[in-house]
Amino acid sequence: KLKAFIFDLDGVITDTAEYHFLAWKALAEDLNISFTRELNEELKGISRMDSLEKILQFGGKEQEFSEQEKLELATKKNEHYVELINKITPSDILPGIEKLLRDIKQANLEIALASASKNANMVLEALKLKDQFDYIVDVTKIKKGKPDPEIFLKAAELLKVDPSSCVGVEDAIAGVEAIKSAGMYAVAVGPKSSFQKADLVYETTEALSFKEIKERFEE
Ligand code: BG6
Ligand code: MG
């Protein structure tokens with residue numbers, strides 16, 4: 001039986017995935033590493049330091065920096081990112097999300113956030129959405145990032161529901177993988193071709209339908 005929804009944040013609730021991309025792209029260019037939207041797909045859902053490692057690998061420069069320098073690079077990216085998102089307001093909530101959250105609550109189901117971002121609380125506050133979530137998983141306490149299922153399993157544990165009663169909503173390939181490894185039902189947002197592993201794919205957040213997800217989950 002369906003009991004809870006667990007949401008990713010960046011790229012699902014709001015379009016901050018674009019700002020992460022722009023900030024990484026600027027950093028990559030500073031380092032003379034070419035970084036495309038296609039490569040960016042591999043970064044979605046991945047933690048800050050893991051993302052930096054991937055970018056350095058794309059450029060064949062993973063050996064060139066000390067741990068201290070890597071921390072500085074990641075901090076630089078984050079400062080740029082924070083600057084880019086500093087003007088977000090509730091008008092930046094993606095279409096269809098507020099209705100979906102309302103429909104879930106109306107059906108008396110639980111809602112949690114499973115975001116890899118250390119900025120998640122700040123973003124939810126800026127969107128004025130914090131009250132809509134029963135739990136927000138503290139990513140600083142998670143040992144393994146997506147595609148590991150840990151963050152989704154932690155959310156289910158906090159909600160006190162079995163993973164098999166949960167729907168996870170993601171825009172990242174690593175995120176969908178994490179949801180499936182957690183034994184949950186995976187709803188992906190994005191192009192159908194990218195999400196063979198998802199149980200249900202919507203091209204846009206606007207198309208998300210609580211009724212349809214519930215029906216398909218129960219099939
Ligand atoms: C994820 C994003 O939600 O959070 C990634 O999809 C991002 O792109 C990651 O790198 C970590 O975010 P932050 O804000 O902690 O750097
Ligand atoms: Mg995402």
Side-chain angles (χ1 to χ4, degrees), residues 5-29 35-55 73-101 111-133 135-140 142 145-147 151-152 155 168-179 186-191 194-195 198 201-208:
F5 274 68
I6 304 172
F7 284 88
D8 172 47
L9 174 68
D10 297 316
V12 172
I13 307 278
T14 183
D15 199 13
T16 36
E18 180 66 14
Y19 298 123
H20 279 295
F21 167 69
L22 293 173
W24 282 128
K25 188 168 169 57
L27 184 83
E29 275 167 7
F35 181 58
T36 59
R37 282 186 186 275
E38 199 187 331
L39 288 174
N40 185 58
E41 289 306 309
E42 289 182 42
L43 260 54
K44 286 187 179 172
I46 306 290
S47 76
R48 195 181 303 167
M49 291 311 288
D50 288 351
S51 296
L52 176 66
E53 285 295 341
K54 284 205 178 232
I55 288 176
L73 291 172
T75 301
K76 187 172 169 201
K77 179 269 176 179
N78 189 56
E79 283 167 2
H80 185 192
Y81 174 72
V82 168
E83 201 177 287
L84 291 173
I85 63 167
N86 98 46
K87 284 188 187 69
I88 68 169
T89 70
S91 69
D92 294 296
I93 299 169
L94 280 167
I97 292 297
E98 284 172 290
K99 177 170 183 349
L100 178 60
L101 293 171
I111 306 178
L113 190 82
S115 170
S117 172
K118 291 181 176 160
N119 294 296
N121 266 292
M122 180 182 79
V123 171
L124 273 193
E125 251 164 47
L127 298 173
K128 303 218 183 308
L129 277 182
K130 240 184 138 176
D131 297 346
Q132 309 282 319
F133 291 82
Y135 283 103
I136 296 166
V137 179
D138 181 355
V139 69
T140 63
I142 295 298
K146 301 168 188 179
I151 193 165
F152 284 97
V169 188
E170 265 288 354
D171 72 317
I173 295 160
V176 167
E177 211 172 306
I179 294 169
V187 173
V189 179
S194 308
F195 295 107
V201 185
Y202 291 97
E203 298 266 335
T204 65
T205 55
E206 205 165 6
L208 285 161

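These numbers were taken from a predicted model, which means no experiment stands behind them.
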Between [X] and [Y], is any pair of side-chain heavy atoms under 4.5 Å apart?
X	Y	value
E170	I179	yes
K77	L52	no
E53	M49	no
V139	S117	no
L124	N121	no
L9	V123	yes
H80	W24	no
Y81	H20	yes

Legend entry - Check: N119/N78 side-chain N/O donor and acceptor closer than 3.5 Å: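 Side chains of N119 and N78: pair found under 3.5 Å.
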Legend entry - Between S91 and T89: side-chain donor-acceptor atoms closer than 3.5 Å: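 Note: S91 and T89 side chains meet the donor-acceptor criterion.
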Which atom of [X] lies closest to which atom of [Y], heavy atoms considered:
X	Y	value
P90	K128	CG-CG, 3.7 Å
A198	A188	CB-CB, 3.8 Å
A114	F152	CB-CE2, 3.9 Å
G11	T16	N-OG1, 4.1 Å
A28	I55	CB-CG2, 4.1 Å
D138	T140	OD1-OG1, 2.6 Å

Donor-acceptor contact present, side-chain [X] to main-chain [Y], <3.5 Å:
X	Y	value
T14	D92	yes
K44	I173	no
T205	G96	no
K146	I151	no

Legend entry - Option among V189, I13, V169 that satisfies the side chain to side chain contact (heavy atoms under 4.5 Å, CB included) test with I97: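 Result for side chain to side chain contact (heavy atoms under 4.5 Å, CB included) with I97: I13.
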To the closest 0.5 Å, what do you measure between [atom1] ([X]) and [atom2] ([Y])?
X	Y	atom1	atom2	value
L84	E79	CG	CD	12.0 Å
R48	K118	CZ	NZ	5.5 Å
L208	L94	CG	CG	9.5 Å
L113	I136	CG	CD1	6.0 Å
I88	D15	CD1	CG	10.0 Å
D171	Y202	CG	OH	16.0 Å

Inset, instruction - Kindly check if the number of other-residue, nucleotide or ligand heavy atoms within 6.0 Å of CG (N86) is above 12? - result: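 Above 12, so yes.
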Inset, instruction - Could you list the residues that satisfy ring-ring contact (aromatic ring centres under 6.0 Å, His included) with Y19, not counting sequence neighbours? - result: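 Partners of Y19 by the ring-ring contact (aromatic ring centres under 6.0 Å, His included) criterion come out as none, since no residue qualifies.
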Legend entry - Mutual orientation of the aromatic rings belonging to F7 and F133 [parallel < 30°, tilted 30-60°, perpendicular > 60°]: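 F7 and F133: perpendicular rings.
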Legend entry - K25 and E29 ion-paired at < 4.0 Å: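 Answer for the salt bridge query: yes.
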